[in-house]
Colleague: 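Please find one structure pasted underneath; my questions will follow.
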Amino acid sequence: MSGADKNTSGNILLDVEKLGISFGGLKAVDNFNLKIEKGELYGLIGPNGAGKTTIFNLLTGVYKPDTGRIILDGADITGKPTIEINKAGIARTFQNIRLFSNLPVIDNVKAALHNHYRYGLIHGIFRTPLYYRTEKAMDEKAMEILKVFELDGVADYKASQLPYGRQRKLEIARAIATEPKLLLLDEPAAGMNPQETHELMETIKFVRDNFDTTILLIEHDMKLVSGICEKLTVLNFGRVLKQGETYDVLHDAEVIKAYLGD
Amino acid sequence: MKNKSKAFKQSFTTYALVLAFYLVCEIWLKTGNMSSLMEGLLVPLCYYMILAVSLNIVVGISGELSLGHAGFMCVGAFTGAIFAVTAGAEMPEYLELFIAIILGAAVSAVFGFLIGIPVLRLRGDYLAIVTLAFGEIIKNVINTIYLGVDVEGMHITMKDALSLNLGEGGKTIIKGAQGITGLPRNANFTIGIILVFISLFIVLNLINSRQGRAIMAIRDNRIAAESIGLSVSKYKMMAFVISAALAGVAGVLYAHNLATLQATPKNFGYNMSIMILVFVVLGGIGNIKGSLIAAVILTILPEKLRFLSDYRMLIYAVVLIAMMLFNSAPKAVAFRERLVESISRKNKKEAKEEA
Ligand SMILES: Nc1ncnc2c1ncn2[C@@H]1O[C@H](COP(=O)(O)OP(=O)(O)O)[C@@H](O)[C@H]1O
Ligand SMILES: [Mg+2]
């Protein structure tokens with residue numbers, strides 16, 4: 001096996017090999033392999049409890065894997081803490097929305113700009129010119145990102161005041177603000193109506209094309225998945241059931257039987 | 001940006017409120033109408049306000065519970081007092097006070113850092129217990145310490161004053177439970193208010209800075225904060241250390257308002273820590289202005305209503321429970337939200353009618 005050697009040179013952004021984790025006796029993820037190319041829009045699907053969110057938690061360092069390796073853009077990030085993984089270039093959204101609910105919408109995004117726009121505590125407390133300059137640049141950048149998600153009009157609202165669909169969008173905006181190489185979206189369309197889902201599809205495509213990022217998303221909405229994902233992995237009981245081009249995967253007899261139903 | 005002007009307005013009204021409070025008290029004092037009881041409360045009001053602001057950093061901004069804030073105050077008080085009767089004794093009084101404040105803040109910050117280490121690991125109840133224990137331990141340790149100085153330098157023991165073995169011309173600084181005597185008593189209301197302003201300046205600017213935003217983001221959602229690259233330990237520690245430093249400043253002010261400084265259950269025990277917590281909870285957790293007002297009211301009221309003073313802690317307990325119910329019981333929250341909404345709707349309507 002010389003997976004790493006093969007891929008450092010190539011166009012592979014994420015290379016996951018033999019990833020596995022157990023909770024008690026349950027193998028939530030087992031021998032999971034995944035390769036994602038730069039700029040790809042990749043879908044991860046499978047029935048509830050298949051281990052999809054667990055894979056996101058492994059990729060972002062929330063859980064430490066029992067087995068396997070995670071290589072991001074040539075660098076081994078296996079077992080690193082979440083913060084380091086974000087700095088290395090992975091950002092995510094959560095299946096159960098996790099916003100900074102008492103902060104204004106714009107501050108949710110500005111918090112995510114934290115590591116790209118810097119000044120020391122002393123500058124912050126004494127409000128030096130650097131403070132004003134940096135805060136202004138952060139405001140502008142945050143508004144620019146919010147505009148993409150049509151949230152610029154509600155920038156001053158508390159995040160918790162937003163309706164559900166817009167909270168989901170704000171989570172994506174916040175993740176994008178960290179300038180990730182790889183963006184993980186956990187059921188971004190959950191709880192949205194068809195109209196909202198359609199808009200979200202357009203937004204996701206726009207984000208991929210305009211923010212120079214690669215997207216891996218978990219989704220149950222097959223319209224969304226077949227509409228925007230170029231490749232798919234189907235997960236079942238913590239194992240890969242099928243992997244490949246979206247059309248092929250969705251028309252695979254085994255996948256239809258296990259997940260899509262009759 | 002609207003958001004910005006709102007933050008500015010909030011800071012501004014807080015400063016204005018303290019300034020107004022200062023002016024009213026000064027005029028009251030200068031016209032000779034203030035009772036000596038009230039006059040004696042002026043400096044305490046200042047250190048209580050600083051303590052309220054300080055604890056609000058931990059409880060309100062950072063979302064952690066500290067039940068040992070009197071401990072940091074105690075550290076600051078003794079640091080400042082030791083300086084006042086040693087190196088500071090020969091200095092002009094304002095210079096002495098200035099240096100004592102810096103030292104008190106610094107030493108309390110160091111203690112804040114040390115206590116902060118478990119803060120980063122513990123949550124909720126456990127943290128409350130650790131901080132509570134810290135406050136009690138500090139107070140009790142100081143009660144057993146004898147500290148003296150002679151030509152050879154500092155001597156310290158936990159036995160008695162004689163065991164210090166001071167040389168000729170030596171001087172005992174801390175005499176165990178008797179504490180430190182011969183303090184300069186050079187604190188006054190104006191200095192107190194200046195320190196309140198400095199504390200407010202630090203905290204209000206912190207809230208509106210990159211660091212403050214990180215602290216509040218971590219408070220609101222730790223996992224999400226980590227996912228965008230915010231260091232939970234760094235910013236929790238930052239909040240805790242700044243808070244401890246300000247509590248230390250309050251302690252220095254406290255020590256410079258007395259002739260003798262002792263660590264008793266009354267001034268540095270958990271009753272004090274609870275009282276500071278009541279200021280914060282009653283003023284609205286995270287609401288700096290509210291906690292200032294609560295500190296003033298809860299300091300003056302028991303003095304004015306002497307007959308209540310026996311029940312002070314009982315009343316605080318009831319206030320704490322009532323506020324927690326008011327703030328977190330689902331029905332109470334729903335009621336409060338309806339209330340706020342109806343008020344804001346009314347305000348909007350009035351604003352429209354005016355326009
Ligand atoms: N922290 C955990 N402790 C124990 N079991 C867990 C934990 N996280 C996930 N699981 C289990 O792992 C399995 C996969 O869960 P999850 O990844 O959330 O599924 P999906 O996102 O595909 O619906 C489930 O059986 C779940 O109960
Ligand atoms: Mg899931």
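In what follows, chains carry the letters A, B, and so on, assigned in the order in which the sequence lines appear, proteins first and then strands, with residues in each chain numbered from 1.
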Colleague: Take A/L121 and B/R210, measure what side-chain contact (heavy atoms from CB on, under 4.5 Å) needs, and give me the verdict at the end.
Modeller: CA-CA 8 Å; A/L121 179 63; B/R210 172 178 171 271; over 6 Å; no

Colleague: Would you sort out whether A/R127 and B/N205 count as a side-chain contact (heavy atoms from CB on, under 4.5 Å), showing the intermediate values?
Modeller: CA-CA 8 Å; A/R127 305 231 163 148; B/N205 285 358; 3.2 Å; yes

Colleague: Side chain, backbone, both or neither: which part of B/I207 has an atom under 4.5 Å from a heavy atom of chain A?
Modeller: neither

Colleague: To the nearest 0.5 angstrom, please state how far the CZ atom of B/R213 sits from the CZ atom of A/F100.
Modeller: 11.5 Å

Colleague: If we define contacts as heavy-atom pairs under 4.5 Å, which of B/A214, B/A217, B/G212 has the most with chain A?
Modeller: B/A217

Colleague: At a heavy-atom separation under 4.5 Å, does A/T178 approach chain B through its side chain, its backbone, both, or neither?
Modeller: side chain

Colleague: If you tally heavy-atom pairs under 4.5 Å against chain B, which of A/F126, A/Y117, A/Y119, A/F94 wins?
Modeller: A/Y119

Colleague: What distance do A/I83 atom CD1 and B/S233 atom OG have between them, rounded to the nearest 0.5 Å?
Modeller: 6.0 Å

Colleague: Do B/D220 and A/L103 have side chains that approach each other closer than 4.5 Å (heavy atoms only, starting at C-beta)?
Modeller: yes

Colleague: Indicate the ring-plane relationship of B/Y235 and A/H114, choosing parallel, tilted or perpendicular according to the 30° and 60° boundaries.
Modeller: perpendicular

Colleague: With a 4.5 angstrom heavy-atom cut-off, could you sort out which part of A/I85 is near chain B: side chain, backbone, both or neither?
Modeller: neither

Colleague: So A/I125 and B/F201, do their side chains get closer than 4.5 Å, heavy atoms only?
Modeller: yes

Colleague: Would you name the heavy atoms of B/S227 and A/R92 that are closest together and state the gap between them?
Modeller: CB-CG, 4.2 Å

Colleague: If you compare all heavy atoms of A/R174 against all heavy atoms of B/A224, which two are closest, and at what distance to 0.1 Å?
Modeller: NH2-CB, 3.5 Å

Colleague: Less than 4.0 Å between a side-chain N and a carboxylate O, is that true for B/E226 and A/R98?
Modeller: no

